[in-house]
**Student:** 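Quick one: the structure is below, and I'll ask about it shortly.
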Amino acid sequence: MGDSIPDAAADTSRQQRLVLWIAILASFVSFLDGTVVTVALPAIGRELGGGLAAQQWIVDAYLITLGALILVAGSLSDVFGRIVVLRIGLIGFGVASLAIAAAPDPLFMIIARGVQGIAGALLVPSSLALITSTFRGKAQARAIGTWTGATTAAMLVGPVLGGAFVDLISWRAVFLINVLPIAATLWLLVALHQKDHREPGVAVDWIGAALCTVGLGGTVFALIEQGRLGWASPAIWATAAGGVVSLIGFLIRQRTAPQPMLPLSLFRIRNFSAGNLSTAFVYGALALNGLVLGVYLQQGAGLSATLAGLASLPSTVIMIVFSSYVGTWSGKIGPRLFMTVGPLVMAVGLALLLTVQEDFNYWTQVLPAVVVYGAGLTLTVAPLTAAILGAIDPTRSGIASAVNNAVARVAGLIAVATLGVITAGVLDLDGFRRAAVVTAALMAIGGIIALIGIRNPARPAEVAAQSDGASGVRAPDGTAAGRAPDGTAPTADGARPGQTPSRTAPVVMPDGAAPTAMGGTDLGQ
């Protein structure tokens with residue numbers, strides 16, 4: 001009897017370690033793949049052809065299926081079990097990666113990337129669900145922090161590793177990097193011996209998922225292919241109209257479905273709606289700039305894939321070093337200032353790319369932009385996530401995070417699709433500069449939206465005054481002072497009930513990990 005308790009504790013500890021490793025490796029797979037795609041695009045274009053439009057589709061095929069299905073992934077985990085869904089996602093991702101590595105032409109590769117997006121939509125949500133269902137309290141916060149740090153490492157090494165593979169072996173080898181971590185994760189799932197958990201009564205909104213996929217696909221097809229076919233082509237205006245109608249149908253479906261993918265009621269909360277609108281502009285700019293910079297540094301400036309991967313590394317390093325401090329400051333004074341200043345600073349960094357000349361010099365023309373951009377990125381990410389998730393009742397934080405993730409993905413999808421319109425189909429120096437102007441404008445709009453829409457939570461002193469009977473005091477967003485828009489009060493640390501205080505909370509992006517560099521999030525996702 002006396003030995004059973006230590007044995008049980010040891011078994012629990014072992015299970016938790018296995019779960020953490022599984023979550024890290026599964027997410028590492030998708031994040032690493034996303035960061036290596038951009039540096040491989042020029043080499044893919046040289047071998048397979050297809051021009052700028054093919055490069056856009058290689059990125060957007062993944063984002064269409066990922067953005068449309070990531071909101072469904074949570075329901076799938078509840079219906080079929082987290083481990084089953086994670087295993088299917090890993091196998092699907094691995095098979096799609098092998099197909100991409102063997103692609104004989106752009107069309108085959110684009111289709112395989114779409115399949116990879118379906119698998120990718122299953123990985124990150126299921127990984128986080130495993131952590132949250134296995135760990136509790138402070139252990140959960142530590143586990144998420146470890147998970148975040150490990151996935152950030154994937155983004156740090158991804159562009160450099162991908163560039164080295166492109167230069168030393170082949171762009172095809174880039175997509176085989178995932179084989180070993182996928183195999184290791186599948187083996188750990190077998191070793192886990194954990195009973196899968198299913199939620200009774202949960203339904204998957206397949207109609208909503210189909211409408212969202214068709215809507216995004218039709219809209220993106222029109223934006224990318226209009227440069228080749230022209231807006232007057234029936235193939236363009238018909239698919240654009242069909243896409244818009246499907247997206248409208250998707251929103252109607254979400255208002256009427258008994259278990260919607262996208263609970264529209266969340267957008268009645270001011271910080272949630274304003275934060276997601278700001279996210280759309282900021283992450284649209286991140287995705288667009290990631291593609292433009294990664295491709296132009298190789299095709300326009302003549303850098304190798306390895307050097308192109310290294311070029312934006314300072315921005316990522318700045319974020320990793322200083323993001324925890326920003327999280328602390330944001331927790332003390334509120335997110336509004338950071339969410340306003342951060343995108344505006346990034347806009348300045350993007351504007352500095354206008355100094356790029358035909359006579360290219362990285363140290364004087366790109367590095368200053370990378371450093372300024374990295375400073376703005378660091379100021380933005382943690383406060384943005386805290387503002388959005390801090391406005392939501394903890395019981396709905398999972399769907400709120402998924403919605404914010406989907407907003408970021410879809411914004412990147414649409415932004416990348418407009419690249420041909422912005423550059424007139426050619427990513428030369430003039431096209432690069434036009435893209436810099438557009439991305440800087442998007443960032444500035446994101447900052448202005450935060451300035452107008454975001455409200456700081458009430459300070460602890462105001463909470464105490466409210467609890468002492470200071471009735472009638474209202475917060476700037478119209479809710480009772482000291483209370484979030486959903487009516488719950490923060491703790492003395494400023495955190496919502498059941499949440500980690502902001503000064504210790506892990507820095508998590510809409511997709512759960514830190515952005516990579518000038519390109520922002522894992523672009524291929």
Side-chain angles (χ1 to χ4, degrees), residues 63-82 84-85 88-89 117-118 120-126 128-129 132-133 197-220 242-280 283 385 387-414 484-488 496 510-512 525:
L63 290 174
I64 287 172
T65 51
L66 182 81
L69 298 178
I70 198 162
L71 290 175
V72 179
S75 298
L76 290 173
S77 293
D78 290 339
V79 172
F80 299 106
R82 300 179 182 97
V84 169
V85 169
I88 292 172
I118 296 172
L122 305 178
L123 293 181
V124 176
S126 298
L128 281 173
T132 56
S133 64
H197 178 73
R198 295 172 174 83
E199 292 287 347
V202 176
V204 180
D205 184 13
W206 295 113
I207 296 176
L211 287 170
C212 188
T213 304
V214 172
L216 292 175
T219 305
V220 168
V244 171
V245 169
S246 296
L247 290 175
I248 294 172
F250 169 74
L251 294 177
I252 295 173
R253 168 71 181 177
Q254 299 315 291
R255 288 182 63 88
T256 59
Q259 296 185 26
M261 298 168 47
L262 178 63
L264 299 180
S265 61
L266 291 174
F267 289 93
R268 299 193 189 104
I269 301 171
R270 178 166 185 150
N271 273 10
F272 185 83
S273 57
N276 275 288
L277 185 58
S278 180
T279 294
Y283 281 89
T385 305
I388 292 173
L389 298 187
I392 302 299
D393 186 277
T395 59
R396 308 188 78 188
S397 61
I399 185 61
S401 180
V403 169
N404 188 228
N405 186 20
V407 167
R409 304 293 189 165
V410 172
L413 165 69
I414 300 298
D486 59 5
T488 58
R496 303 291 304 290
D511 53 5
Q525 293 189 72

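The residues of the chain are indexed from 1 along the displayed sequence.
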**Student:** Of all residues at least two apart in sequence or in a different chain, which pass the side-chain contact (heavy atoms from CB on, under 4.5 Å) check with Ser273?
**Tutor:** Phe267
**Student:** I need the minimum non-hydrogen distance between Leu66 and Ala121, along with the two atoms involved.
**Tutor:**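 Here Leu66 and Ala121 meet closest at CD1-N, 3.3 Å.
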**Student:** Testing the basics here: between Asp205 and Ala257, what is the closest heavy-atom pair and its distance to 0.1 Å?
**Tutor:** OD2-CB, 4.3 Å
**Student:** Can you name the residues that form a side-chain contact (heavy atoms from CB on, under 4.5 Å) with Thr65, not counting sequence neighbours?
**Tutor:** Ile118
**Student:** Partners of Val407 by side-chain contact (heavy atoms from CB on, under 4.5 Å), sequence neighbours excluded?
**Tutor:** Asn276, Thr279, Ala280, Val403
**Student:** Is Thr219 reaching over with its side chain to a backbone N or O of Gly215, donor-acceptor style, under 3.5 angstrom?
**Tutor:** yes
**Student:** Once you round to the nearest 0.5 Å, how far does CD1 of Ile269 lie from CD1 of Ile388?
**Tutor:** 11.5 Å
**Student:** How would you list, by chain and number, every residue that makes a ring pair (Phe, Tyr, Trp, His ring centres under 6.0 Å) with Phe250, sequence neighbours excluded?
**Tutor:**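 Expected list: none.
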**Student:** Can you give the donor-acceptor pairs under 3.5 Å from side chains of residues 206-213 to other protein atoms, not counting sequence neighbours?
**Tutor:**
from	atom 1	to	atom 2	distance (Å)
Thr213	OG1	Ala209	O	2.8

**Student:** The criterion is side-chain contact (heavy atoms from CB on, under 4.5 Å); which residues satisfy it with Val410, sequence neighbours excluded?
**Tutor:** Leu216, Ile414
**Student:** Distance from Ile252 atom CD1 to Leu247 atom CG, nearest 0.5 Å?
**Tutor:** 11.5 Å
**Student:** Using the side chain to side chain contact (heavy atoms under 4.5 Å, CB included) definition, which of the options Asn271, Asn404, Leu266 pairs with Ile392?
**Tutor:** Leu266
